[in-house]
Each structure stands twice: as structure tokens, then as C-alpha cells.
Number of protein chains: 2
Amino acid sequence: MATLKEVAKAAGVSMPIVSAYLRGSTSIRMSADTRRRVATAIEELGYTPNLATRSLRTARTNVLAVVVPELDNPALTDVLRGIYDGATRHGYVIMLGDAVQLTSGSQTLQHLLSQSRVDGVIVTRSSALDEGVLSGVAGRGLPVVFLDNESTDGHHWLALDDADGIRVATEHLVELGHEQIDFFGGRDISPRSSMTKLRYAGYIAALQAHKLAPRPPVICGQEPEQGYEAFSTMVAPRVVQRRRDAPTALVVNNATTAMGVLAAAYDAGVAIPGDVSVIGYHGTAVTAMARPRMSTVRMPMYELGSRGVAMLDKIIGGEFMPSGILEDIPPKAIARDTTASP
Amino acid sequence: MATLKEVAKAAGVSMPIVSAYLRGSTSIRMSADTRRRVATAIEELGYTPNLATRSLRTARTNVLAVVVPELDNPALTDVLRGIYDGATRHGYVIMLGDAVQLTSGSQTLQHLLSQSRVDGVIVTRSSALDEGVLSGVAGRGLPVVFLDNESTDGHHWLALDDADGIRVATEHLVELGHEQIDFFGGRDISPRSSMTKLRYAGYIAALQAHKLAPRPPVICGQEPEQGYEAFSTMVAPRVVQRRRDAPTALVVNNATTAMGVLAAAYDAGVAIPGDVSVIGYHGTAVTAMARPRMSTVRMPMYELGSRGVAMLDKIIGGEFMPSGILEDIPPKAIARDTTASP
DNA sequence: CTGAAAGCGCTTACAG
DNA sequence: CTGAAAGCGCTTACAG
């Protein structure tokens with residue numbers, strides 16, 4: 001490996017000149033000829049700067065750690081896209097870690113968060129992380145942004161307006177003429193979680209605005225299997241028996257859960273949307289491709305990611321950034337095949 | 001931030017002792033008391049080693065770059081899981097980059113592959129990368145493993161036995177009694193690609209083993225939309241008109257494509273598996289949850305990832321590792337709802 | 001075990 | 001612009 005010193009020698013200039021050239025520094029002016037000689041030397045020697053060394057000097061790595069609950073969560077796709085684009089725009093590279101392997105005291109976490117390795121951390125869905133990991137992330141003095149509104153206690157965070165998203169979903173069903181609408185969700189992932197409460201609040205708000213009575217939530221985790229189970233045991237029997245208290249429509253917390261609900265309906269012989277309408281929350285490419293195509297509420301996932309990076313970049317730079325909810329891009333109901341009038 | 005020097009001072013020992021303690025070096029023996037004092041000092045000062053500096057000395061970063069065609073490709077989920085587990089086992093941390101942003105000359109690529117930043121690179125599905133990127137990766141002198149058998153020209157690679165996988169898929173349909181089986185796939189992603197040819201070869205092998213005549217491939221890209229389009233235009237009309245040359249079963253190159261095929265069949269009123277059986281290739285969590293649940297062939301994706309890391313680790317360590325196809329875990333057909341006897 | 005020292009490859013002032 | 005030098009925080013010989 002060629003070093004900067006060798007490049008300087010080959011180009012017949014001093015090291016600081018090469019360094020300035022590489023960093024595109026404007027404080028040092030050099031002649032076009034110098035510039036060309038340096039460029040040629042770099043080219044010929046195949047020189048690449050040793051970034052580890054640069055980090056040692058600048059105490060900056062231009063690496064951001066991103067912690068996600070699980071790598072293959074389709075709900076995260078657009079958030080990650082936003083994060084990567086934001087990172088590119090701000091000159092960072094991403095180190096992505098799965099929370100599954102980030103149990104407290106894990107080697108991976110140490111490596112990922114080691115002070116000298118990354119400039120900052122983005123944590124998505126903190127509720128999926130255990131306390132040890134969270135305090136490990138937060139207590140390290142590293143700038144951290146949570147894409148989540150669960151960890152308001154002194155940390156920086158940015159969140160979607162979940163209450164409003166669910167309100168819009170519920171609104172969509174009310175407008176179709178539904179009056180018996182169930183809310184699916186609510187099994188808290190951690191004791192800290194207030195997310196589901198917020199979401200349920202949006203459901204209540206929509207119903208009350210139309211003088212309809214809210215119903216108790218159908219408690220259910222977010223995995224497809226849990227949606228499947230909840231629908232099969234708590235909804236399907238009532239629908240099949242045409243009981244009066246059976247819902248005619250469902251607002252499901254989560255598109256992943258809703259996939260399980262649709263599968264359960266199929267298996268139980270419940271027609272969607274003939275017998276029951278279903279609307280999911282921030283759908284994915286798959287929910288739109290599977291049949292029947294799921295109606296969902298579109299949330300600004302991409303923006304959550306890209307603005308999260310922008311926020312983190314500011315914090316790293318020592319600027320103040322208020323935490324808050326992403327409100328300027330309103331949720332939008334996307335009607336597809338799983339919702340209809342009762 | 002505390003430094004090693006400060007720790008040494010606080011513990012009343014020399015720097016080399018602290019360094020040895022941190023690295024768990026066995027060449028230097030220290031008393032239990034010394035060990036305890038060092039541990040206490042580290043704890044009290046909240047010391048974390050500066051890995052950038054360590055890299056500078058050891059010329060190792062313990063970071064691996066992973067390049068994927070797109071982050072949200074569900075087919076990659078298990079490969080990534082394998083890569084992360086393998087990385088943890090071998091003491092590496094992962095830097096994950098999306099090929100979409102890795103066009104030639106991109107900053108991200110530079111950063112990701114910069115000699116001093118990572119010890120090695122894993123590239124999945126090289127066919128999705130442009131030539132400039134590929135030569136950038138390969139020409140840098142960095143150890144690289146391609147999880148792919150397309151780039152045999154002097155590079156290290158590890159691949160699935162695609163021909164055998166498709167053979168097993170085809171075999172499954174033959175055993176159900178099908179005789180008119182179409183192969184879906186074949187639009188090469190890059191001129192280099194021989195993958196699809198290999199897959200088609202597996203289809204031919206299975207048919208010939210049963211004295212059945214292979215049919216020309218239905219040429220089709222791998223996105224769901226392309227599967228949708230191909231089925232709608234080239235298969236559905238013949239099936240609906242009950243033409244003699246209509247296939248009774250389909251082997252689809254790819255579970256992603258097959259999702260599109262199922263959607264197209266639904267929309268065209270073609271019953272699956274009543275009118276046509278469909279089997280996909282290495283399915284994902286979603287293909288098993290959507291209804292009807294897709295029959296697929298299970299491939300050792302996880303192992304591809306974890307062994308890829310093991311291979312790369314050996315290469316980084318200067319050992320020789322033969323490239324090859326992962327043959328010891330045979331493909332297995334998983335019959336679900338989309339395949340039946342004709 | 002200790003302690004003083006060299007050096008990894010840069011960046012950054014600093015005197016010319 | 002140049003050139004000699006300090007120093008980032010470690011690891012690694014090396015003499016005691």
C-alpha cells in the first residue's frame with residue numbers, strides 16, 4: 001500500500017499539499033500544475049487514504065451505526081432507504097446491526113458502538129431492544145437518535161404520527177359506512193411502550209368524531225402468526241356465526257400482523273372484504289403484491305429515515321435539534337382490495 | 001475519553017500490561033492482583049479501546065463489507081442472517097451496502113471498500129452490480145468472496161447448486177403427474193450471467209430423466225411485476241382457452257417472481273393449483289404466510305452466508321480456500337398450497 | 001513483570 | 001506554497 005508520503009515524494013510536493021488535495025481543502029491554493037502532478041502520482045501509485053489514520057487525527061469516522069429490530073422486517077425497508085440516502089448525502093457510511101444479536105454485553109454491540117468506531121447511532125424501534133442494550137447505547141456519550149417516541153427521557157427522537165395514521169385508517173372505514181370497527185394490536189413489546197396506546201387513541205378519536213362507540217382493542221402481537229391466531233380465535237367465530245357483536249371492519253396496527261389476519265380469514269372461510277374489511281398500517285411492497293391486495297395507510301417512512309440522519313448529523317456537529325413527531329407529511333389511506341362498504 | 005495511558009496510570013502499571021490485558025494476551029503473565037487493578041481502572045474510567053488506533057497498528061479492522069443488490073430483497077434474509085452469525089463467530093462486524101447506491105465511482109463504494117476500512121468484502125449476486133463496481137471491488141487487492149458462481153475468473157466464490165434446486169422443483173411436479181411443465185425465468189440481468197442457463201439445465205435434466213420433453217423457457221425478469229406480466233400475457237390466455245399446449249405446471253426461477261405469477265393468476269381467474277400448479281425457488285417467510293401458501297424448494301441460504309464468511313476469514317488469514325458449490329445440504333421441495341396433481 | 005521508545009499514516013499548526 | 005515536526009492512541013519489540 002502506497003502512503004501519502006510516497007505520493008508526496010512521487011509528485012515532488014510536500015505531504016500537507018497532498019493531504020489538502022485529498023480533502024479538497026480550499027484554504028491552501030495550489031497551481032493547476034501541482035494539482036495535476038499530485039493527481040497523477042495518486043493514480044500511478046493506486047493510493048487510497050488510510051481512513052483509520054484519518055479518524056485517529058480527526059476523531060471522526062464518518063460511520064453511523066444503525067440498529068434495527070430485525071433485518072428482514074419489511075416495514076423497515078423504506079426507513080433504511082431513507083437512512084442510506086441521508087447518509088450518502090451527509091457523507092456517512094452505514095454499519096447495520098440486528099437487535100437480535102444485540103443482547104446486552106454482546107460483542108457485536110461493543111464493536112458497533114465502540115466510541116472510536118462510529119460518530120453516532122440511529123436506533124429504530126427501541127421497544128425491541130432490551131434495557132441493557134438501550135442503556136449501553138445511550139450511556140456511552142455517543143450521539144443517538146431514536147426513530148421512535150418511546151424514549152423521551154432526555155434522548156433525541158423522531159417519530160411518525162401513529163395516532164394520526166390510525167385515525168386516518170379508521171376514518172377510511174367509517175367513510176365506507178362501517179360502524180362496528182375493531183382495533184387490532186396492543187400487546188406491548190416492552191413495559192416502556194406507549195406506542196400502542198397512542199395508536200388506539202387515534203382509533204378512538206376517529207370514532208368519536210363520528211359519534212360512534214369505540215370497542216375494546218383486540219390484543220395481539222405484531223407477528224403474522226399472532227395476527228393469525230387472534231383473528232382465528234377472537235373474530236372468525238363471531239363472524240361465521242353472524243353474531244350481532246361481530247365487527248364488520250378491522251383496523252390492524254401493522255401490515256405484518258394484517259398479513260396474518262388475511263391468511264386466517266382465508267383459512268376460516270371469511271370473505272375479505274365481503275364479510276369483513278381490513279385495513280393495515282404502513283404497508284410494504286409485498287402487501288401490495290399479494291392477493292387480495294391490502295388496503296393500508298401510507299406513512300412517511302422514507303422521510304423518517306432520511307430526516308433521522310439529518311438530525312443525527314446536526315447533533316454530531318454540536319447543534320441543537322428538537323425531538324418531535326414528523327407531522328408535515330400527512331398519512332394517506334390507500335384503498336386496495338381488502339376494504340369495501342358493509 | 002480515557003486513554004490506555006490513563007488506565008495504566010490509575011492502575012499503577014505500564015501501558016503494555018493494560019494492552020495485553022485488553023487483548024487477552026497469553027504471552028505476558030500477570031498476577032491476579034495486577035489483573036484486578038487493571039480491571040478496576042478500566043471500569044472506573046469507563047475506558048473503551050480506540051479501535052481506529054488499534055487498526056492503525058495491526059492493519060486489521062475486523063470489519064467486513066457486505067454488498068447486496070438491494071437491502072429489502074427477501075431472498076437475502078437468510079443469507080444475511082448467516083453472514084451476521086458467521087461474522088460474530090469470527091469476530092467481525094458488518095458494514096452493509098446496497099448495490100443500488102453502489103454505482104461506479106460512488107462515494108459510498110469508496111468508503112465501504114477503502115483499503116483501510118474493511119478487512120474483506122462479501123458480494124452477493126454480483127450480476128446485479130455494474131462492471132465498474134465489480135472491478136472496483138476486485139481490483140483493490142482486498143480479499144473478496146462472491147456468493148455467486150458467475151465470476152469464476154480468478155475470484156473466490158461460493159454458490160448454491162441452482163441446477164439441482166430447479167431439478168428438485170421440477171421433479172416434484174413430475175411426481176405429482178405433470179407432463180406439461182413450463183420453466184419461468186431466463187432474462188439475464190447482465191451479459192455475464194450464466195445463472196439462468198444453469199437453472200434451466202436443472203429443469204431439462206429432471207424432465208429427461210422421466211422421458212418428458214423439455215419446453216422452451218418463458219423468458220421473464222425476476223421482479224414480481226415481471227412475473228405478473230409474463231404469466232398474464234404468455235400463460236393465462238392459453239390456460240383460459242384450454243389450449244392443448246397450455247402448461248399444467250410452472251417451475252418459477254424465483255419466489256419473488258412467483259409472487260407476481262400467483263397475483264396474475266388470481267386476477268385472470270386461473271385457479272392455483274386447480275388449473276395450474278406453481279412451485280417457486282427458495283421461498284421466504286412471506287411466501288409461506290400469504291395465501292395460497294407457495295410451494296417452494298428450500299435452499300441452504302443461511303449456510304451460504306455463514307460459510308461465505310468462514311471462507312473470507314480464511315482468505316484474510318492467508319490460507320487457501322477452493323471456490324465451489326455448496327453441495328452437502330441438498331435442496332428439498334416444500335409442498336404447500338400451490339402444487340397438486342393435474 | 002517495568003518503563004522508555006519507536007512507529008503505524010495521517011492532519012495540523014508553524015516558521016520560513 | 002515548502003519542510004520539518006508534533007501528536008492522535010495504541011502495539012510491539014527491547015533493555016532492564
Side-chain angles (χ1 to χ4, degrees), chain A residues 1-39 41-42 45-63 91 110-111 114-119 141, chain B residues 1-39 41-42 45-63 91 110-111 114-119 141:
Chain A
M1 275 305 287
T3 65
L4 186 141
K5 197 174 178 180
E6 289 164 21
V7 172
K9 196 174 169 192
V13 300
S14 66
M15 284 168 62
I17 298 297
V18 181
S19 177
Y21 173 87
L22 288 168
R23 286 171 295 121
S25 163
T26 50
S27 62
I28 296 184
R29 270 178 305 198
M30 46 194 117
S31 65
D33 180 56
T34 305
R35 198 174 290 280
R36 203 160 34 231
R37 287 213 315 280
V38 172
I42 288 173
L45 294 171
Y47 171 76
T48 8
N50 183 324
L51 298 185
T53 306
R54 182 178 288 175
S55 296
L56 180 57
R57 285 292 308 172
T58 60
R60 282 284 294 264
T61 61
N62 296 316
V63 178
Q110 302 262 21
H111 279 224
S114 173
Q115 186 79 254
S116 49
R117 188 158 253 165
V118 303
D119 292 340
Chain B
M1 275 305 286
T3 65
L4 187 140
K5 198 174 178 179
E6 289 164 21
V7 172
K9 196 174 169 193
V13 300
S14 66
M15 283 168 63
I17 297 296
V18 181
S19 176
Y21 174 87
L22 288 168
R23 287 171 295 120
S25 164
T26 50
S27 62
I28 296 184
R29 271 178 305 195
M30 46 194 115
S31 65
D33 180 56
T34 305
R35 196 175 291 279
R36 202 160 35 232
R37 288 212 314 279
V38 172
I42 288 174
L45 293 171
Y47 172 75
T48 8
N50 183 323
L51 298 185
T53 307
R54 182 178 288 175
S55 296
L56 179 56
R57 284 292 308 172
T58 61
R60 282 283 294 265
T61 61
N62 295 315
V63 178
Q110 302 262 22
H111 278 224
S114 173
Q115 187 77 254
S116 49
R117 187 158 252 166
V118 303
D119 292 340

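Below, chain A is the first sequence line, B the second, and so on; all start at residue 1. Since the model is a prediction, treat every value here as computed from it, not as a measurement.
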*Euclidean distance, atom CG of residue A:Leu22 to atom C1' of C:dC10 [Å, nearest integer]*: 10 Å
_Of the options D:dT2, D:dC10, C:dC10, whose atoms approach the side-chain atoms of A:Tyr47 most closely?_
C:dC10
*Separation between CE of B:Met15 and CD of B:Glu6, rounded to the nearest 0.5 Å*: 10.5 Å
*Once you round it to whole Å, what is the distance between P of D:dT12 and CE of B:Met15?*
12 Å
*Rounded distance (nearest 0.5 Å) linking atom CD1 of B:Ile42 with atom OH of B:Tyr21*: 5.0 Å
*Runs of at least three consecutive Watson-Crick or G-U pairs, both distances under 3.5 Å, are what I'm after; which ones involve DNA chain D?*
C:1-3 with D:14-16, C:5-12 with D:5-12, C:14-16 with D:1-3
*Where is the tightest heavy-atom contact between A:Ser14 and A:Ala8, given as atom of each residue plus distance?*
C-CB, 3.8 Å
*Rounded off to whole Å, could you give me the CG-to-C1' distance for the B:Asn50 and D:dG9 pair?*
6 Å
_Side chain of B:Ser14 - closest among D:dG3, C:dG3, D:dT11_ = C:dG3
*Rounded to whole angstrom units, what separation is found between the NZ atom of A:Lys9 and the C1' atom of C:dG9?*
16 Å
*Side-chain donor or acceptor of B:Asp119 paired with backbone N/O of B:Asn62 under 3.5 Å*: yes
*Which nucleotide in the list C:dT2, C:dA13, C:dG9 gets nearest to the side chain of A:Thr3?*
C:dG9
*asked:* If I take atom OH in residue A:Tyr21 and atom C1' in nucleotide C:dC10, what distance separates them, rounded to the nearest angstrom?
replied: 18 Å
*Give the rounded distance in Å between these two atoms: CD1 of B:Ile17 and C1' of D:dT11.*
13 Å
*With side-chain hydrogen bond (donor to acceptor under 3.5 Å, both in side chains) as the test, would you mind laying out the steps for A:Arg35 and A:Ser31 before giving the verdict?*
CA-CA 6 Å; A:Arg35 198 174 290 280; A:Ser31 65; over 6 Å; no
*What nucleotide, of C:dA4, D:dA4, D:dT2, holds the atom closest to the side chain of A:Pro16?*
D:dA4
*Closest-nucleotide 5' rank along DNA chain D - winner of A:Thr34 and B:Val18*: A:Thr34
*Can you tell me the distance, in whole Å, between the CG atom of A:Leu45 and the C1' atom of C:dG9?*
15 Å
*Hey, could you give me the NZ/CG distance between A:Lys9 and A:Leu45, rounded to the nearest 0.5 Å?*
11.0 Å
*Under 4.0 Å between a side-chain N/O of B:Ser19 and OP1 or OP2 of D:dC10, yes or no?*
no
_With a cut-off of less than 4.0 Å, is there a side-chain N or O of B:Arg23 near OP1 or OP2 of D:dT12?_
yes
*For the pair made of NZ in A:Lys5 and C1' in D:dA5, what is the distance, rounded to whole Å?*
12 Å
*Which heavy atom in B:Thr3 sits nearest to a heavy atom in B:Tyr47, and how many Å separate them?*
C-CE1, 3.5 Å
